Number of protein chains: 2
Amino acid sequence: MPSRASRKTKQRDALREVLERSERPLSIGELLEAATKRIDGLGVATVYRTVNALLEDDVVEVVAIPGEPVRYELANKGHHHHFQCEKCTRVFDIAGCIDNIRKLIPPKFRVRAHELTVYGLCASCAR
Amino acid sequence: MPSRASRKTKQRDALREVLERSERPLSIGELLEAATKRIDGLGVATVYRTVNALLEDDVVEVVAIPGEPVRYELANKGHHHHFQCEKCTRVFDIAGCIDNIRKLIPPKFRVRAHELTVYGLCASCAR
DNA sequence: ATAGGTGCAAACAGTTTGCATGTAT
DNA sequence: ATACATGCAAACTGTTTGCACCTAT
């Protein structure tokens, strides 16, 4: 059984809810900003602690993009990848997946997972 | 013409050489450590400044792996991707590329680049 | 001679931690 | 009542910047 008992608090609920309602991965800053609208006086430390707790529970996942702050999203979204707009810097989920990855790597290597990030311009910035 | 004139210094040479001799991407710390063996008293700031200059000149590229410090490698290796061994944490280059990325993203998005990281066990760790 | 580069230390930014207080159980 | 959670501020870590000195051109 888990050693840590997880309590239900308004901060935690607010953060999970913000993530649930977001269609894209959010950074700590974005989380803080969004959740502060619901919980006044919410501290950064709480956001970090809560996100890390959610990470440990596999409720959220890390979305890391080079040169960008780490973002988080719910883990229950299934396998997908990410697109970052080079103009507005927002990160979008992209459905679907590439295949034949296995054929790229040397024969004796064992593949467990992969991550794909695409860069370009999002619909609004491209026009 | 470029506004910045790039000088030839031993620090810069040492760093580029370290990168040239490395068969895998290196972090700032690894760069500092390796280059200090050649240039005594080399400062961190210089490593950062130099790496950033090399980045701007497209001499090196960023290799970012989630949860890992950013690494750098020469840009002249051509398009390729990376494989991180989950056991020994080493990062390997993998030749070749996936295609049909464009079909994954929404129609109005514009694709400029992509990055793929594969995780698993390398040949020596898999056996 | 002069613009650019370097090393050092201070400044910053992002993240973590200690502690007194608050609160879910 | 008790243990976990929170907010605040201090502590850390990694990166950038200001400045006096150095060096390639």
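All of these numbers come straight from a predicted model, not from anything done at the bench. Note: hydrogens, waters and symmetry copies are ignored here, and every other heavy atom, side chains too, is used. Numbered from 1 within each chain, the chains take letters A, B, ... in sequence-line order.
- Under 4.0 angstrom from either OP1 or OP2 of C:dT15 there lies no side-chain N or O belonging to A:Asn52.
- In the set C:dG18, C:dG4, D:dA5, the nucleotide with an atom closest to the side chain of A:Arg49 is C:dG18.
- Going from atom CD of B:Glu56 over to atom P of D:dT16 covers 12 Å, rounded to whole Å.
- With distances taken from any side-chain atom of B:Lys8 to the nucleotides C:dT16, D:dT25, C:dT6, the minimum falls on D:dT25.
- Atom-to-atom, CG of B:Asp57 to P of C:dG5 comes out at 10 Å; the value is rounded to the nearest Å.
- Closest approach to the A:Tyr48 side chain among C:dT16, C:dT23, C:dG7 is made by C:dT16 (side chain taken as heavy atoms from C-beta onward).
- Each end of the helix from C:dA1-D:dT25 to C:dT25-D:dA1 gets its own axis from five base pairs, and the two axes differ in direction by 30°, given to 10 degrees.
- The nearest whole Å value for the distance from the OH atom in A:Tyr72 to the P atom in C:dG14 is 13 Å.
- Within the structure, the salt bridge (Lys or Arg N to Asp or Glu O under 4.0 Å) test picks out the following pairs touching residues 69-79 of chain A (sequence neighbours left out): A:Glu68-A:Arg71, A:Glu73-A:Lys77, A:Lys77-A:Asp93.
- Separation of the A:Tyr119 and A:Phe83 ring centroids does not fall under the 6.0 Å cut-off.
- We find that A:Glu17 and A:Lys10 are not joined by a salt bridge, their nearest charged nitrogen and carboxylate oxygen being 4.0 Å or further apart.
- For D:dA5, one of the phosphate oxygens OP1 or OP2 lies less than 4.0 angstrom from a side-chain nitrogen or oxygen of A:Arg12.
- Side-chain atoms of A:Arg7 lie closest to C:dT23 of the nucleotides C:dT15, D:dT25, C:dT23.
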Working note: A:Arg16 + A:Thr50, criterion side chain to side chain donor-acceptor pair (under 3.5 Å); need CA distance, chi angles, decisive distance, verdict. CA-CA 9 Å; A:Arg16 188 190 281 107; A:Thr50 303; over 6 Å; no
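- Of all heavy-atom pairs spanning A:Pro106 and B:Ile94, the tightest one is CD-CG2, 4.4 Å.
- Aromatic ring centroids of B:His114 and A:His82 lie 6.0 Å or more apart.
- OP1 or OP2 of C:dT6 lies within a sub-4.0 Å distance of a side-chain N or O belonging to B:Thr9.
- Taking atom CG on B:Leu32 and atom C1' on D:dT13, their separation rounds to 15 Å, with Å as the unit.
- Taking SG of A:Cys85 as the start and CZ of A:Arg24 as the end, the distance is 11.0 Å to the nearest 0.5 Å.
- Criterion: ILVMFWY side-chain heavy atoms under 4.5 Å apart, direct or through other members. Under it, B:Ile101 and B:Leu116 are part of a common hydrophobic cluster.
- Using a 4.0 Å cut-off on heavy atoms, the residues of residues 35-45 of chain B that approach DNA chain C are B:Gly41, B:Leu42, B:Gly43, B:Ala45, listed by number.
- Between D:dT23 and B:Gln11, no contact under 4.0 Å exists linking OP1 or OP2 to a side-chain N or O.
- Side-chain N/O atoms of A:Ser6 and A:Arg12 include a donor and acceptor closer than 3.5 Å.
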